[in-house]
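What follows is one structure encoded as structure tokens, with my remarks underneath.
Values reported hereafter were calculated over all heavy atoms of this structure, with side chains retained and with hydrogens, waters and symmetry mates removed. No experiment lies behind these values; they were computed from the predicted model shown.
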Amino acid sequence: MPAATVRGAGRMEEIMDNLNLTTLQRGQTMVNDVAMDAFAAGFRGSLLTSKDMNYGEARAIWNAMIDRRPGLIARCAGAADVVRAVRFARDNNLLVSVRGGGHGIAGNAVCEGGVVIDLSPMKSVRVDPEIRRARIEPGATLGDVDKETLAFGLVLPTGINSTTGIAGLTLGGGFGWLTRKFGLTLDNLISVDVVTADGELVKASETERPDLFWALRGGGGNFGVVTSFEFQLNPLHPEVFAGLVVHPFADAEKVLREYREALETAPDELTCWVVMRQAPPLPFLPAEWHGKEIVVLAMCYCGDMAAGEKAAAGLRGIGKPIADIVGPMPFIGWQQAFDPLLTPGARNYWKSQDFASLSDAAIEVLIDAVRKLPGPECEIFIGHVGGAAGRVPTEATAFPQRSSHFVMNVHARWRETEMDGNCVGWARELFEATKPHAVGTAYINFMPEDETDRVEMAYGANYARLSEIKLRYDPNNLFRMNQNVKPMAAVRAA
């Protein structure tokens with residue numbers, strides 16, 4: 001049993017033996033035994049090293065392309081553990097990464113040889129239905145959040161995969177089926193408790209450390225470790241008008257053009273995403289379509305059912321679909337609809353672009369890419385955003401891309417390492433081909449680990465302010481396992 005919560009001299013000696021054999025280093029010197037002992041003795045959660053039985057499971061994350069071996073995994077039981085872990089890493093000059101749900105495409109939740117501050121055990125979701133607020137710990141998933149909030153007829157707008165972690169999603173933006181009605185996840189954030197690089201637990205909100213609060217809303221994990229999020233919730237009926245309309249790929253050009261036109265007058269309650277891929281063996285699709293390229297319109301209306309049916313009529317009237325399974329359904333079920341296509345264990349590589357509009361030229365590029373799909377799990381998502389999220393001024397939060405109406409995610413997904421070159425190459429080729437049609441910003445949660453040179457462009461006009469705040473709260477760039485914003489002094493020196 002590897003838990004540091006088990007006390008006693010024998011157990012502590014075992015932990016120290018493991019810790020002393022890790023790859024944690026300060027320069028060329030192993031971390032001082034006394035420092036290690038003090039850290040382990042005061043830690044309430046679990047400390048795992050490569051000697052522990054659960055180490056392999058604890059270092060594994062959603063994207064199987066990431067295979068890193070941290071020296072120490074500190075599975076935190078609460079904010080005090082996070083404070084201790086940050087101070088330990090800072091004082092010993094150790095590389096540190098922060099894990100929430102472990103779902104991020106870039107794999108920054110796990111570092112090589114350093115300390116992983118693992119927040120996944122911290123899953124509490126507490127709802128106050130009277131004031132429509134929730135206090136959520138960083139290890140909670142979107143599924144955890146939905147189950148608690150929807151029990152009270154309330155909702156937080158999040159993403160489209162229930163296994164995603166709330167922490168990374170929020171700090172990078174957070175968009176999904178309800179974004180057009182209720183804004184981004186970060187637009188509903190009221191306050192956070194955060195451990196800064198100096199090891200202090202502080203609160204940030206519009207009135208307390210407003211500069212830090214501004215940066216945390218879109219700046220990712222650059223500014224500290226959030227131990228608690230306070231959100232404003234929104235009323236939502238348990239049922240929404242949602243589902244899929246599946247079209248043959250031969251009709252892709254017509255479908256995409258009419259899709260674009262239908263959305264020009266869409267109310268905020270209506271969201272429709274496009275998925276282009278080979279058809280999985282879904283029970284409502286005729287067997288002869290399995291494995292063939294398709295165009296899917298995935299739509300959700302969060303309001304009155306009759307109004308939803310009317311609002312979705314234009315989208316459902318496009319072309320001659322293979323299947324139409326749109327109708328009333330529980331929102332919590334719709335939030336999990338894409339989970340089977342996004343299970344952990346596969347190799348994943350993403351590329352993303354923001355579009356102000358879906359031009360004819362962009363549509364042509366996308367269709368050409370689908371003709372070259374390198375594998376049965378590879379796909380292209382077109383996320384429909386705008387609405388309430390688009391009416392927030394760009395300078396109001398660190399999140400920069402308020403003007404984009406569509407977000408493209410090129411999702412390469414496969415199993416065999418032999419497919420790495422073809423799948424990664426396909427995604428990169430499509431990314432380059434769509435550049436002339438994109439606005440230049442990017443959703444940092446969709447950026448892979450090799451896009452560090454794109455961070456400044458992704459934040460656009462907000463980057464300079466982020467860099468200044470980084471200098472104030474993390475001058476030595478302790479939190480650099482992320483889409484990194486460098487401290488202003490480092491930027492000037494470069």
Side-chain angles (χ1 to χ4, degrees), residues 63 65 103-109 159-161 164 168-176 179 183-187 214-223 273-274 348-359 362 365-366 369 379-386 389-390 392-413 424 426-467 470 480-486 491:
N63 185 0
M65 285 194 80
H103 206 280
I105 184 66
N108 287 320
I160 67 165
N161 183 212
T164 301
L169 180 92
T170 302
L171 296 174
F175 70 91
T179 298
L184 299 169
T185 308
L186 61 79
D187 292 331
W214 180 89
L216 288 167
R217 287 175 293 166
N222 275 284
F223 302 94
W273 289 32
V274 172
N348 295 268
Y349 183 82
W350 293 359
K351 297 292 275 189
S352 180
Q353 296 279 22
D354 294 334
F355 300 123
S357 63
L358 200 58
S359 67
V365 171
L366 295 172
E379 60 191 7
I380 301 172
F381 269 89
I382 302 294
H384 175 211
V385 286
V392 176
T394 300
E395 66 276 9
T397 66
F399 186 87
Q401 57 271 39
R402 297 292 182 171
S403 62
S404 58
H405 195 58
F406 299 99
V407 178
M408 175 193 74
N409 187 19
V410 184
H411 185 184
R413 180 177 169 88
V424 171
W426 171 77
R428 288 175 175 168
E429 181 181 347
L430 178 51
F431 173 75
E432 291 298 324
T434 52
K435 271 186 178 179
H437 316 293
V439 297
T441 55
Y443 184 49
I444 64 166
N445 287 345
F446 284 174
M447 290 167 57
E449 62 174 329
D450 61 1
E451 286 196 334
T452 54
D453 60 342
R454 195 182 177 203
V455 174
E456 184 169 353
M457 182 180 292
Y459 282 111
N462 286 342
Y463 186 82
R465 184 178 177 190
L466 281 168
S467 185
K470 178 76 170 181
R480 59 186 180 275
M481 285 293 296
N482 44 47
Q483 297 298 348
N484 195 233
V485 173
K486 292 179 173 57
V491 173

>> So, taking the atom named CZ in F406 and the one named OG in S359, what distance separates them when rounded to the nearest 0.5 Å?
In response: 10.5 Å
>> Give me the atom names and distance for the closest heavy-atom approach of S352 to R454.
In response: O-NH2, 2.9 Å
> Checking side-chain contact (heavy atoms from CB on, under 4.5 Å) for the pair L186/L171: CA distance, chi angles, key distance, verdict?
Replying inline: CA-CA 7 Å; L186 61 79; L171 296 174; over 6 Å; no
> Under 4.5 Å between any side-chain heavy atoms of F399 and R217, yes or no?
Replying inline: no
>> Rounded at 0.5 Å granularity, tell me how far CH2 in W350 sits from CD1 in I105.
In response: 5.0 Å
>> Which label fits Y463 and Y459: parallel for a plane angle under 30°, tilted from 30 to 60°, or perpendicular past 60°?
In response: tilted
> Can you list the steps and then say if L466 with F223 is a side-chain contact (heavy atoms from CB on, under 4.5 Å)?
Replying inline: CA-CA 9 Å; L466 281 168; F223 302 94; 3.6 Å; yes
> Judged by atom type as modelled, is there a donor-acceptor pair below 3.5 Å linking the side chain of S467 to the main-chain atoms of K486?
Replying inline: yes
> How close do A438 and Q353 get, heavy atom to heavy atom, and via which atoms?
Replying inline: CB-OE1, 3.4 Å
>> Could you work out, with side chain to side chain contact (heavy atoms under 4.5 Å, CB included) as the rule, every residue matching D450, not counting sequence neighbours?
In response: Y349, R428, P448
> Roughly how far, to the nearest 0.5 Å, is OG1 of T397 from CG of D187?
Replying inline: 6.0 Å
>> I'd like to know whether F446 forms a side-chain contact (heavy atoms from CB on, under 4.5 Å) with V407, so could you lay out the CA-CA distance, the side-chain angles of the two residues, the decisive distance to 0.1 Å, and finally the verdict.
In response: CA-CA 10 Å; F446 284 174; V407 178; 4.1 Å; yes
>> Under the rule for side chain to side chain contact (heavy atoms under 4.5 Å, CB included), what residues qualify as partners of A369, not counting sequence neighbours?
In response: I380, W426, L430
> Rounded to the nearest 0.5 Å, what separation is found between the CG atom of N63 and the NE2 atom of H103?
Replying inline: 10.0 Å
> Can you tell me if Q483 uses its side chain to pair, donor with acceptor, with the backbone of N445 under 3.5 Å?
Replying inline: no
> Which value, rounded to the nearest 0.5 Å, describes the distance between N108 atom CG and M481 atom CE?
Replying inline: 4.5 Å
> Given side chains that start at C-beta, do those of W214 and N462 come closer than 4.5 Å, heavy atoms only?
Replying inline: yes
> To the nearest 0.5 Å, what is the distance between CD (Q401) and CD1 (I444)?
Replying inline: 8.5 Å
>> One pair to check against side-chain contact (heavy atoms from CB on, under 4.5 Å): L358 and L366. What are the steps and the verdict?
In response: CA-CA 10 Å; L358 200 58; L366 295 172; 4.2 Å; yes
> Is any side-chain heavy atom of M447 closer than 4.5 Å to a side-chain heavy atom of V455?
Replying inline: yes
> What is the minimum heavy-atom distance between A215 and A398, and which atoms define it?
Replying inline: O-CB, 3.7 Å
>> Show the nearest heavy-atom pair for residues H411 and N348, with the distance to one decimal.
In response: NE2-OD1, 3.0 Å
> Which atom pair, heavy atoms only, marks the closest approach of G176 to I160?
Replying inline: CA-CG2, 4.0 Å
> Would you call E451 and K351 a salt bridge, taking side-chain N to carboxylate O under 4.0 Å as the test?
Replying inline: yes
> Under the side chain to side chain contact (heavy atoms under 4.5 Å, CB included) test, which residues partner A464, sequence neighbours left out?
Replying inline: none
>> Could you report the tightest heavy-atom contact between T179 and A389, atom names first, then the distance?
In response: CG2-CB, 3.6 Å
> Can you check whether G174's main-chain N or O pairs, donor with acceptor, with Y443's side chain at less than 3.5 Å?
Replying inline: yes
> Given side chains that start at C-beta, do those of R413 and E379 come closer than 4.5 Å, heavy atoms only?
Replying inline: no
> Do F355 and T434 have side-chain heavy atoms sitting under 4.5 Å apart?
Replying inline: yes
>> Quick one: does any side-chain atom of N482 pair with a main-chain N or O of G220 as donor and acceptor, under 3.5 Å?
In response: no
